[in-house]
Every structure is written in structure tokens, then in C-alpha cells.
Amino acid sequence: MNLTTTSVERQKIRATAEACADFIKLPFRNQVWKGQAGDQLGSGTGNSLDFQDHRAYTPGDDPRHINWQAYARTGNYSMKLYREEVRPLVDLIVDGSDSMFFEPAKEQLSIALIHFAAVAANRAGASLRCFFVRGRTILPLPEESLQADAWPDSLRSMEEDGAAEPPALEGIPLRPQALRIFVSDLLFPASPGPILSPLTRRQGRGLVFAPFSRKESAPDWTGNYEFVDAESRTQHPHRVEASVLTRYLNAYQRHFDIWKTTTRKHGIPMVRVPAERPLDEALRVEGLAQGAIEIWT
Amino acid sequence: MDLIFGNPLGFLALLGLPAVLLIHFLQRKARVEVISTLFLLENMKRDSLSGSRFERLRSSVPLWMQLLAVLLLTWLLTDPRWQRQETVQRIAVVLDSSSSMAVFEEKLRTRLRERLESLGEGALTTEFVVMETDLKRDRLYNGSDLETLTTTLQSWQPRLGAHDFGPALRVARSLVGADGLVIMATDHLLEELPYEAKLLSIGEPTENCGFAGLTIEEKDGQRIWRALIRNYGEKPATRTWSVQTEVLAGAASANQSASRRQTIEPGQTTAVQGAFPEGKDRLQLVMEPDAYRRDDVLPIIAPRPKPLTVQFPSGGKYKDLYQQVLGSFPHVGPVPPDTEADLSFLTYNPLKPAEASGNALIFIDDPLAAGELLQGPIVVENHPLVNELNWQALLGQKTIRIPSFPQDQALVWQGERPLIFLRRSGTASQLHINFDLNKSNATRLPAFVVLIHRFLESLRETKVGLEAANFETGQNLQFAFDRSDSAEPLTLNRLANGRRLEETTPLHRASLLTAPLEPGFFTVSQGQNALIEGAAHFADTREASFNGAASRDDLVTSGSTVLTGRHESDRFWRWWMLGLGLVLLLAWWFVRPRSPEPQPTTVSG
């Protein structure tokens, strides 16, 4: 895999993603979180100001939380319970297949989405873990490596064998109850179900950002081509007439219809992000409607 | 409806069909492109792979549009034409009447039949007109039957010398109209025929050797004939020739001298001569025949002009004067007794001024001349008798004058005095010499001698009498004959192929009478009076040379013109053109390059 963007350009892309994360955030609010102390309301009781539940007073409880109104009414001592403030977990899974970076527009978008997910997670105070997956090869990526733009080298070091296979997410040590963001173009012939199911295991919540470019969604092929597969680099001669192109577009649409249906079935928002638009616009095309992103207020 | 193609070469456009197929088979060089969705194309392997050429042809709209465009273009280029229902084709054939065509008669008949057969195909009706360039002759054929036309050509005999074809071609064009075809059949190449005539030349270089000229002279009281033999060809020719002295109708054989052999180099001319046999005034030179036979026979007759008889007064001095003035002229002599003279030789006597009757030559005999010379400038009138004659050296003494009348034609003046004048008296001509010949130098002046000679010849021309002469074939005959109301018509008798032929000509067409077109002896008579004894010989050397003869058939290229003339073009050609444009536009639409996609931007503000 060869990236066409330079380090300077990737720094600019990161800055764009950071700017985008200033007013677009990940959908942490819609989930009950558990975990370490953080900024998000957890599912347990804690010391936040958000009232959660009552319970009977037992000796040793903090008298400051006695519900005096309830005592006045009932004559019994009861305690107010407040939600705990916990730190969310974000597992960022990046499809490291060559198709993600096969042409400049899509490469830039893929990089932007990676940085956006990372920055948005940091902005929310989440605990971020990042993984690159290519076929059955999984590469954990330290956050510092992402920030230091050292990840391309790590990506290149991943094995080429089996790169054409669909990503095997079940091998990734995903944290329970984590927000599992999967950045992938979903361009593999496998059934979506087995790929998506790890995203929702152990009470996790999945989110799919699928970058695409017009070269994939609306190509202008006509005539003879030597198509080179972005993954395997093998050449395949094809002659594309208008009818062939029409059938391709239908197949493309069907492919992503299947993914939409499957993600919906799994309760996983899937956002297709076009490469030809600015990142914030591109995210908002489907992101808001799918509930995959939120706007900072 | 009969369909023909005016431009069969247009079918070459069909070569575009395999060219288009080849282009589609070879196809354009494949573009290399990296894609991420190959697995989707692989699912449509049957339709998109480049291995199945036949399936590709079925679905390629540009291919079928281009093939259709080739077919439409072929249709337009071949110029399809349908035969008009009312088609009547008219073809006029003008045959060259030059005698050289006799060498190629058979070839012309064969070639003409072939061409007329092919030209007649496809037309409902074809009308043929066959005529000669000799407009004096009637048309040979007018009709639609090619067999009869071919039979008629058997009787055609070209006998003229070199002549202009223009009048005949004009007549032919007027007969067939602007749409008809005029064919000029000849044996020499002609460039740019008028009236849009097409050339059918069937000649070819041919060796020919024949008689080319004739002169007759008197030498030592003997008449000598001298003939030229010319070799027109490009190879040396050896011919034998002989002299026939008895040429009679029905004679089994003519008296013939021993044959003589003559070898002549190409382009050279040699002379042969001989004397007329004793008692014979005619003979015929006969040469070994070759392809062109008209110049292989040379009939010769001893020339014998009409004699003029002169009546002059008795007396020695008049006889001396007669001898001085007229004695040197041939075929002029004293009138026999009891015979009317053709010319009176008279002197003018002022004491007895009687008018002369008939033709006369009158001069002054003044014994009392003053001795003074006539004064004044000498002026010559414009008259055939004195044209281009120099009279300035004339010296004469003043003498009595012959009175002249206003209707007299003065020929020569000196001062105010008409020295020589011509008087007409009915049909007679009287030449008056208005000075004394004996007291002048006129008889030694060339102009005076020529004047007298011209005057005598003018009298000889108008004299009705017998003369013998050699003529060229077809030469117009100028001679005097009885023109009175009771006069009989003119009759020309000649020998042809051993038979005696007689042709009668009414007096009003006498000016059209010509020597026979075939070499031979002939006579012209009026009633019982013979007027001409003649020998016609071929003399047009232009026709005897076949070095320039050549063949060319312009009807090959004009065939299409004839076809298009009787067929009408495709009325829908505009719709075919529109269809061709639409087909090409449609083909372009499918293969047109798409507009470039806009550059993606991912940076937002």
C-alpha cells in the first residue's frame, strides 16, 4: 500500500478533522455508560448531580443524600441516588485494506474520518483504543502513533497476504460496553452479518463510517479497461458498455442496501461519507439522520 | 422497375463494412484503472469480459450505427436510378464518308453493332438514325431494328475526300435532341467533337502505296503522261503496275502492258511516265491492289480543250496581224468554210462603222496616224481580264478613236481615252483595242498577251462544245451547255465494276454535277451532244495515308451518360442523407467522451 498524501498534508487533514470535531461530536449521549470516572453519565450511581434512584437509608450512608421531602411525607428515611460520571470507551477499528486509500480523494477522506473519530473521542473524554485490521491481521495502534502520524508506517508493515479477505473483527479485543467505530468502505463480497456482529457483542455499540468516492459510486466507464484490483493488484480486462455500467451501478446499490439493512437490524448506524464534499457536510449528509453524530450545543 | 447504378464504383464503399468490423474487433487500447469494486464486476463476468467477441457485436449500438452508415453511404454513392416508364432513347450514328473508311468497313460494322446493342439495353425503345457526313446523300437508316440497320450498312460506300464533319454532326444532334446520343464513327482520332458527339474510331495504321498525281505534256509532238507513285506507309513497298489501253464495258480483259515492279521507300514518291500509244487518247495505269484500292487505278485521258475558230478579214496584212496577235495561242485557228466562227477578228473603219455581231476582237487600223504618242497616265480598271497586269510600258500613237458607249466596260485608260474596253452584245463579248496595234508596242507587252489569252479563255468557257480533261474524283464540273427552255437535261455516263451507268441531271442542278466518286472514265452529254470526255482519278493524298489512323471508343465512358439520361435518380436521396447524418450522430453519441469529473475537496472551513 502506498499513500499519496504527504505528512504535511496528513497534518492538514488532521487539523480539518479537529475543526470538524469542534461542532460535530460522537453520539455518546444516547448510551448508558459504565466504567471509570469521566464526563459521561454512567449507568451506576455516582457523584454527579443527575438524580437516578431512591433506596432505604442504612446506617453509614452519607446523611447529605437523605431525601428529607420523602421523610416528611412518609416518616421513613430514604436516600437519593445520583448517576455516576464515567469515562466512555471508544474502540476505533480502521479497515486497513488498500481500497480505503486507492485514490487520493478517498484516501484523504479515510484519513480525515480516522482523525475525526479519534479527536471526537478525545473531546468527549473517552478512552480510545485504535486498531487497524486487514483481513485477519490486526494491528493495535497507540493513540500517540496516530497523533504523531506514525501510523502509515505501521499500516505498511501489516501483512499483504489475505488483504483481500473481509476484515475479521472477531479477533479484535473489543472492550465491553464500548462505542465501536468501524471506519471501512465495506467493499468486500462477504455477508455483512458476521462482520458486524462483533461490534454489538458484550453490550457494545457499533457505528460505521463508510467512506466512498464517485469513482466507485458513479464511474464513467465506457469501452475497454484493464481494471487493477486495489487489493490484489491483479489485472482484469473488461469491456464496459452502457448496459454493463448500468448493471454495475445496480449491483453497487444493492451491495450497500444489504449493508444498510443489516446494520439497521443490528442497531448499528451506518453513515456513508462522500469524498467529494467537505468533511462536515459529508458527515451530516447521513450522520445526523442515522444518529451517528451529534452537533455540539 | 428496372434499377441500375449510375456509379458502380460506389460499391467500393462497402469495403467500409469489414473496416468497421475490424475496428470494432481490434477495439481501442484498454485503459488501465485501479478500482476497489472489482468484485461487483466479477459478478457480471458474462457481460463485461472481453473474451466474447460475438456477444459484444450484438450489443454494440455504435457498431450497428456505423455499419448502417456505411450501407447508406454506399447507396448514395452508387447513384441508384430507375428506368423512366416513358423512355425512348435516340441514337444518331454519323458515318465518316471519307474514302479511307473503306479499309475499315467490316471492322466498323462489327464494332458498331456491338456498341449499339449494349447501348440499346435497358431502354424501352431505342431509335437509331444512321447518316453520313456527306449531307448530299440520304440517311442510311431510321428505325428501331438493329438487324435491319446492320444490313443497311452493307451498302454504305465512303468515297469522299477529306471534309468537315461539323454540319453532319449538327444535323445529327438536331435529330436526336439534347438528350440523345450522337456517335461519330471514323478512323482517325478527333479531339473535342462539337455538339457533344462521342467518338467511335476504328482505324489502325495500315500500309498503303498508290498513285498520287498526274501531269500531261506535249513533247516533240508527242503526248507524254507522268504519274507519281507514293508509299504512305512506314515500310518499303514493292508494287507492280501496268498500263491498260483498252478499257471498255464488258471487255473480258483490257490490253495490258507488261507489269513493271517498283520499290519505294517509306514516305518517298517516285515518278513514272510514258507516251500515249499511237491513235489512243486514253489509257489506265493499274497497280497491284492493297488495303486501300482507290489509289491503285489511274485513268488518264489526253486533254483536248474546246477549239476556238476565228474569222478575220481577207488580206495579207490582216493575216499577219492575226498571226501576230492570236497565232501563238493553242487550239485557236481560222474558221473552216461554211462554219460559224467563235470569234471575229476585226478592224474599225470610221468610214464604215458597222457593228460587229457575236464575239469579236476589234482594233484600229489608222493609216494616217499623227505620230504623236498618247499622253496621260495609264489607269487600269478592276476587272478579271486586266487584274494585276502592268500596262505602264504601253506606248501608242494618237489615232482615230472607236466610239464608246456608256454601257461599255473600260478596262484600261490613258488620260481621258479608254484604251481598251469591253462591249457586251447580247451574250457576245467584244473586246475593243482603241489604238493601232501596228503603231504601238502592245503585241510585245506581256499584259496585252495575257489579256488576249484571258479573253479567249472566257470565250472558250462559254462555248458549248466537247472537251476532254482529267478530273479528280468528286470534282465539281464547270462547263457550258444549252440553257434554252427546250434544252435537254444533262447525262453522265460512266463505267463502274464493268457496267455502264447513266445518271441524268436536270439543268437547274447542273451546278451540282461532279466527276464520279470512283476512278474511271466518264462522259457528260446533253441530248446527242457530248460536252465532256473525262477521266476521274483519286487525288486526295490525305485520305491515302493511314499512319494517323487509330482506334478509340468514347462510348465506354458515355454509356453511363446514356443510362442516366433514360433513368431517373432516387427521389428520396435527401432522406437518405438525413438518415446518414442521424445515424452518424447516434453513433457519436454512444462513443462521445464524457465531461471530466470535478476535483474532490475535503477541507471545510
Side-chain angles (χ1 to χ4, degrees), chain A residues 12-13 15-16 19-20 97-100 102-106 108-109 111-112 164 185 187-189 213-216 218-244 247-248 251-252 254-255 274-282, chain B residues 20-67 583 585-605:
Chain A
K12 288 183 181 177
I13 293 172
T16 303
C20 185
S97 62
D98 291 339
S99 63
M100 290 284 288
F102 87 102
E103 61 110 4
K106 192 175 179 185
Q108 293 173 16
L109 177 60
I111 296 171
D185 55 9
L187 293 177
F188 24 81
S213 69
R214 189 173 297 170
K215 281 193 176 180
E216 300 163 338
D220 58 352
W221 303 326
T222 177
N224 299 318
Y225 287 86
E226 282 286 340
F227 288 131
V228 179
D229 183 30
E231 304 289 350
S232 62
R233 294 294 166 181
T234 54
Q235 289 190 343
H236 301 259
H238 282 267
R239 175 168 178 82
V240 181
E241 304 281 356
S243 59
V244 173
R247 284 197 288 275
Y248 164 81
Y252 184 88
R254 273 198 307 275
H255 175 79
E276 288 76 23
R277 289 191 178 193
L279 181 61
D280 56 338
E281 282 184 30
Chain B
V20 168
L21 291 172
L22 190 64
I23 289 170
H24 277 261
F25 274 127
L26 292 177
Q27 305 187 10
R28 290 176 296 178
K29 185 179 178 183
R31 286 171 282 181
V32 177
E33 188 157 327
V34 179
I35 65 170
S36 56
T37 51
L38 183 66
F39 67 97
L40 294 175
L41 278 171
E42 291 294 308
N43 292 338
M44 299 181 294
K45 189 180 295 185
R46 192 188 70 87
D47 295 319
S48 67
L49 274 185
S50 60
S52 176
R53 297 179 187 273
F54 178 69
E55 290 174 340
R56 188 183 314 113
L57 280 176
R58 266 196 303 192
S59 61
S60 175
V61 173
L63 170 66
W64 293 115
M65 291 297 104
Q66 289 165 11
L67 292 175
V583 163
L585 194 63
L586 197 60
W588 169 81
W589 176 262
F590 277 89
V591 298
R592 76 189 192 287
R594 305 295 175 84
S595 56
E597 59 181 53
Q599 292 297 318
T601 57
T602 59
V603 179
S604 68

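Chain naming here is simple, since letters A, B, ... match the order of the sequence lines and numbering starts at 1 in each. Hydrogens, waters and symmetry mates play no part in the numbers below; they use all other heavy atoms, side chains included.
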Spacing of A/His238 atom NE2 and B/Ile35 atom CD1 [to the nearest 0.5 Å]:
7.0 Å
Might you point out which heavy atoms bring [X] and [Y] nearest each other, and give the distance in Å?
X	Y	result
B/Leu40	A/Ala251	CD2-O, 4.0 Å
A/Phe227	B/Leu38	CB-CD1, 4.1 Å
B/Ser36	A/Ser99	CB-CB, 3.6 Å

Side-chain donor-acceptor contact under 3.5 Å, B/Thr37 with A/Glu216
no
Among all residues two or more places apart in sequence or in another chain, which pass the side-chain hydrogen bond (donor to acceptor under 3.5 Å, both in side chains) test with A/Ser213?
A/Glu103
Quick one, B/Leu41 and A/Trp221 - any side-chain contact, counting heavy atoms below 4.5 Å?
yes
